[in-house]
Protein chains: 2
Amino acid sequence: MGLSSNRVEDLSGHACNDSFELPISNNEPLEVHRVCLPPHKTTLQKLRQRLLEVFFPDDPLHKFKNQTCLTKFLLGLQFFFPVFEWGPQYNLKLLRADIISGFTIASLAIPQGISYAKLANLPPIVGLYSSFVPPLIYSVLGSSRHLAVGPVSIASLVMGTMLSEVVSYTEEPLLYLQLAFTATLFAGLFQASLGFFRLGFIIDFLSKATLVGFMAGAAVIVSMQQLKGLLGMIHFTSKMQIIPVLSSVFQHKDEWSWQTIVMGVCFLAFLLTTRQISTRNPKFFWLSAASPLASVILSTLIVALLKSKAHGIQTIGHLSKGLNPPSMNMLYLSGPYLPLAIKTGIVSGILALTEGIAVGRTFAALKNYQVDGNKEMMAIGLMNMAGCCSSCYVTTGSFSRSAVNYNAGAQTVVSNIIMATAVLITLLFLMPLFYYTPIVILATIIITAVIGLIDFQAAFRLWKVDKLDFMACICSFFGVLFISVPLGLAIAVGVSVFKILLHVTRPNTGVLGNIPGTQVYQNLHRYRTAVRIPSFLILAVEAPIYFANSTYLQERVLRWIREEEERIVANKETEIKCVIIDMTAVSSIDSSGIDTICELRRTLDKRSLKLVLANPGGNVMEKLHESDALESFGLNGIYLTVSEAVADISSFWKKEPELPI
Amino acid sequence: MGLSSNRVEDLSGHACNDSFELPISNNEPLEVHRVCLPPHKTTLQKLRQRLLEVFFPDDPLHKFKNQTCLTKFLLGLQFFFPVFEWGPQYNLKLLRADIISGFTIASLAIPQGISYAKLANLPPIVGLYSSFVPPLIYSVLGSSRHLAVGPVSIASLVMGTMLSEVVSYTEEPLLYLQLAFTATLFAGLFQASLGFFRLGFIIDFLSKATLVGFMAGAAVIVSMQQLKGLLGMIHFTSKMQIIPVLSSVFQHKDEWSWQTIVMGVCFLAFLLTTRQISTRNPKFFWLSAASPLASVILSTLIVALLKSKAHGIQTIGHLSKGLNPPSMNMLYLSGPYLPLAIKTGIVSGILALTEGIAVGRTFAALKNYQVDGNKEMMAIGLMNMAGCCSSCYVTTGSFSRSAVNYNAGAQTVVSNIIMATAVLITLLFLMPLFYYTPIVILATIIITAVIGLIDFQAAFRLWKVDKLDFMACICSFFGVLFISVPLGLAIAVGVSVFKILLHVTRPNTGVLGNIPGTQVYQNLHRYRTAVRIPSFLILAVEAPIYFANSTYLQERVLRWIREEEERIVANKETEIKCVIIDMTAVSSIDSSGIDTICELRRTLDKRSLKLVLANPGGNVMEKLHESDALESFGLNGIYLTVSEAVADISSFWKKEPELPI
């Protein structure tokens with residue numbers, strides 16, 4: 001219809017109309033630029049690019065480009081075994097730092113290992129085994145320099161909860177142990193395959209909001225479970241929810257042992273105080289690092305000295321000396337409990353992974369190096385697969401020990417080797433020393449560790465920043481507390497995904513106006529200085545147009561038009577002749593979206609309104625082109641910017657005021 | 001650091017530096033505009049707005065604003081009973097058109113009603129009952145003028161499949177009938193409550209792509225089932241999948257009746273030919289509309305005349321005269337099959353709803369009126385709830401009959417009343433005429449109807465426009481064909497949702513360049529004329545930043561920087577000093593996203609790179625403000641447009657070349 005159609009042919013052939021009066025203040029000649037299609041690609045090329053972007057967004061092989069074969073081999077070796085990367089530069093200065101940090105985390109790892117094994121309802125010694133083999137394997141494969149590897153509270157708790165809901169660890173200890181090792185195998189397999197198939201992004205779906213709620217819920221559950229040790233009780237429910245636990249505690253009031261309670265409360269106060277001091281002043285990190293071992297030594301001494309008078313205090317008792325026994329023959333690979341082992345493995349595996357990756361990334365960011373998520377997953381997975389054959393249960397990078405490791409000045413994963421050596425010495429020579437260690441002390445260590453998982457500040461921040469995130473957090477907290485650990489987690493992930501879908505289903509739309517003196521169009525509601533352009537209604541759609549929102553968007557656009565028309569009638573302004581949709585934020589469109597745009601155009605045509613698109617993205621242009629919708633719009637219906645659309649269409653109206661649109 | 005900080009205080013106080021040389025060609029004075037926060041709102045206001053947008057996007061009550069009580073009452077009456085809206089304007093001319101179209105759809109509805117009831121494994125008469133009560137109720141409540149209400153193939157098929165997989169309709173016909181009515185009740189309840197709670201957007205998740213595949217799969221399954229009638233077989237499998245059906249057909253080869261086959265093939269050819277003619281030339285719509293009734297009459301006559309010689313042809317047999325008997329007492333509201341009835345009701349209900357709403361919207365768009373989805377859901381739901389008490393099974397707006405209705409010139413829902421009257425006459429007086437109607441003719445009618453559901457063109461278009469949509473289509477087709485109807489549907493919805501999540505997890509990013517002579521920045525890859533600005537790396541992020549993509553985006557931005565630095569080293573260009581992220585398409589951000597932005601900023605700071613955001617949306621600004629990240633950026637880190645950011649930062653560098661960033 002004469003609308004400067006020369007821009008269709010050639011980008012440089014501008015349609016200049018000097019006489020045109022722009023609605024904006026400057027008097028430049030009107031230039032109309034062509035909207036380009038992205039360079040043509042075959043389906044195969046597109047698929048390849050898409051797959052690369054999904055699975056190799058970090059382009060892990062970029063180092064290998066343009067290298068000789070030898071360099072490629074060396075780089076490959078470094079790629080799969082990061083030890084070859086830092087190994088050659090390792091020196092005595094680094095070793096000294098690593099020895100100090102290694103022994104520091106060992107002093108924390110030994111009591112925590114024993115305690116966490118109890119949390120998973122496993123024999124205490126399994127916790128020590130798990131602090132020996134996995135750190136050694138990680139030190140060869142892992143790419144984080146500060147991760148302290150071993151059992152962690154969340155994974156221990158989940159494993160303990162899920163297994164003991166079906167199999168009693170007191171009545172069938174061997175089966176329980178077999179299932180624990182098998183779950184570890186599946187956790188490792190799952191973790192390694194996530195890494196191998198580069199599906200690491202799956203753990204991103206456990207959002208921080210979800211984890212804050214989940215950890216807090218788990219911490220409460222774990223602390224409740226420790227009431228057994230803290231009160232010195234013998235009979236206790238195998239359930240995890242808050243109500244059965246509390247009723248169990250008060251049903252067996254007669255079992256409460258005052259000696260245990262006194263000791264527990266004292267040491268709990270001691271541990272919490274040192275923790276508080278370390279949190280307030282990071283210089284005193286060693287205080288919280290050393291206090292668990294100090295508590296164990298002190299309480300063991302007390303019990304050993306008072307052994308005749310402290311009958312009420314339960315102790316760990318005999319622990320056999322010696323290295324990790326092989327446990328390959330204990331794997332439970334067929335039978336009715338296999339699905340349980342698989343499910344437990346996957347849930348505890350994904351949680352272990354989330355903690356390990358998050359911790360690794362946190363400290364990498366502090367020291368400005370990169371941790372490759374997928375490689376870490378393979379490392380953690382392989383370490384667990386090796387662990388399940390050597391009497392270890394699920395391990396990963398622990399947040400608390402890694403923080404101590406970092407603060408103690410660890411430089412490389414050698415600190416893990418030092419820690420493993422310390423555990424080795426313990427396993428070989430020091431096991432009899434734990435004979436008199438009271439169980440209540442393990443309970444206090446666990447409580448101190450898990451209380452740190454309750455992050456009120458993070459929850460408050462979620463509330464402040466994003467109410468829906470806060471809801472996901474609360475859902476996962478109460479889900480874990482009152483339903484069950486895996487179901488609570490599933491609910492929380494569901495809420496997070498629902499949040500995404502809600503945003504896609506009900507995207508933002510708004511009316512834009514021109515900011516005087518510029519070619520910028522912004523939301524009228526937000527920018528009070530922005531002004532409406534008479535005869536135009538300029539709408540912004542702020543989401544991809546998909547099947548899930550196409551109906552909504554169509555109705556919403558029609559509502560905006562209706563409201564604008566009502567406003568115009570009320571204020572006696574010029575009526576709308578053209579609707580411009582700013583597609584800048586429409587990053588993608590599917591076939592339903594295209595149908596919607598075309599139908600909207602037809603509907604508006606019937607009402608003598610012109611529909612014009614401004615700045616459709618590359619994807620959108622491509623789809624419009626492929627569906628032949630582009631032709632029906634004509635390039636006169638698509639502009640590069642809103643301001644060009646406004647200028648060009650107004651100039652056309654000026655030139656041919658009689659013509660209908 | 002001196003970067004025109006006056007813009008922080010006042011929007012109108014521009015920082016003008018005439019001496020500045022813009023990287024773009026014109027010589028306007030440099031103006032830097034402030035990025036506004038959206039107007040402040042309390043949490044409650046935000047929640048209210050959000051809820052209104054989710055549940056009342058169409059602002060259904062806008063008509064009621066500023067009206068007197070009486071008008072409000074009348075509008076309310078019209079709102080709930082659309083009959084009051086068109087009733088007063090109804091006249092003889094409209095009635096004449098409705099009578100013609102009413103009788104036309106009746107001639108189609110009667111044979112289809114009987115056939116679809118057979119498809120649902122119900123007595124044929126239930127199909128006629130279902131074509132009588134529901135249309136009457138819809139004509140009072142419904143807001144579409146062209147919808148022809150009655151049983152439809154998809155809902156009948158789904159009900160037949162799901163119920164007969166558990167309960168045999170030959171062995172326990174009463175229980176089967178009870179379950180069908182109960183499923184209808186739950187379908188109605190589900191539909192009405194979706195409408196009542198304004199959750200209509202749930203059906204949007206059945207994307208067109210999914211439905212194309214689903215319908216094609218269902219059509220194949222239904223056609224296979226009709227082999228029983230078409231071959232005149234007596235024994236047939238109760239399974240629905242393609243393989244058991246085919247094996248059943250060939251196992252009982254001895255049951256094939258040549259008379260039935262000859263008759264079936266002839267009438268199938270006749271029906272398909274008339275359908276083809278009508279499709280090619282919409283003027284002859286009456287041909288396909290009248291041919292089913294013609295076939296029924298003709299075949300009944302043939303069988304009646306040849307009754308002594310055509311023993312092999314099974315006929316409908318005796319049908320009792322009379323109106324819909326009440327069926328309230330047949331509802332199966334407790335017992336082991338209740339979950340089955342509920343599941344069947346929900347699945348068939350949602351499919352019926354999808355068809356009804358889509359058909360209503362299609363014809364409303366053609367005649368340029370609006371159909372309120374939520375109100376339609378309530379109408380269809382109430383109609384089914386009434387139906388289940390009067391011996392009807394699931395009904396909705398049928399696509400084929402509505403098209404005939406539209407083509408026959410229907411003006412209002414009165415055509416449904418006319419159709420119901422015709423069905424009433426049939427029920428009262430004409431039932432004995434169906435005694436000799438051969439069952440094979442019902443099979444041919446069903447096949448003709450469902451073959452139209454296979455839409456090759458739509459599938460081809462999906463392939464052309466969106467490969468992932470095509471995959472959803474194929475998944476739902478094969479899912480229905482080889483697994484089961486509800487599972488196939490679930491898989492297809494899963495694929496559609498996965499598509500959304502994939503886009504969120506791996507959003508597009510790209511490097512922008514300036515289009516010479518403008519202030520426009522576009523993707524360098526797409527616009528070959530766009531040029532890089534030395535010292536700047538301008539990145540566009542084309543999706544909301546969420547927990548699900550924040551890790552990816554961080555890594556991807558760092559990779560863009562690395563690649564740009566490599567390119568710069570190779571070409572010996574000026575090194576990057578500033579990274580600008582164009583946030584125009586970032587329509588939303590959550591707490592993980594904010595953390596990512598802040599962490600990215602810290603990481604780049606350590607590498608002496610400045611990070612600047614351009615044009616963050618209202619939501620994003622609000623979140624940045626609430627999380628105090630805005631302060632850490634300072635307003636010097638956030639610009640209204642990329643071009644202002646480039647101009648302002650370059651001018652700052654020119655003025656103070658010595659200062660580090």
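Note that the coordinates shown come from a computational prediction; the quantities given were computed from them, not determined experimentally. Just so we're on the same page: letters track the sequence lines, and every chain starts at 1.
Partners of F470(B) by ring pair (Phe, Tyr, Trp, His ring centres under 6.0 Å), not counting sequence neighbours, listed by chain and number: W463(B). Checked against ring pair (Phe, Tyr, Trp, His ring centres under 6.0 Å), Y369(B) has the following partners two or more places apart in sequence or in another chain: H146(B).
Within the 4.5 angstrom heavy-atom criterion, only side-chain atoms of L558(B), from C-beta onward, approach chain A. In this structure, chain A has heavy atoms under 4.5 Å from both the backbone and the side chain of T584(B). Contacts of E53(B) with chain A are made by both backbone and side-chain atoms, with heavy-atom separations under 4.5 Å. Heavy atoms of S591(A) lying under 4.5 Å from chain B belong to its backbone as well as its side chain. Only the side chain of N615(B) comes within contact range of chain A, with at least one heavy atom under 4.5 Å from a heavy atom of that chain. If you measure heavy-atom distances from E622(B) to chain A, you find no contacts under 4.5 Å at all.
Ranked by non-hydrogen atom pairs under 4.5 Å with chain A, the options K208(B), K46(B), R602(B), H525(B) are led by H525(B).
R461(B) has no carboxylate O lying under 4.0 Å from a charged side-chain N of D628(A), or vice versa, which leaves the two without a salt bridge. A salt bridge is defined here as a Lys NZ or Arg NE, NH1 or NH2 lying under 4.0 Å from an Asp or Glu carboxylate O, and D590(B) with K499(A) meets this definition.
Side-chain contact between R506(B) and F55(A) is absent, with no heavy-atom pair separated by less than 4.5 Å.
For R526(B) (side chain) and L37(A) (main-chain N/O), no donor-acceptor pair under 3.5 Å exists by modelled atom type.
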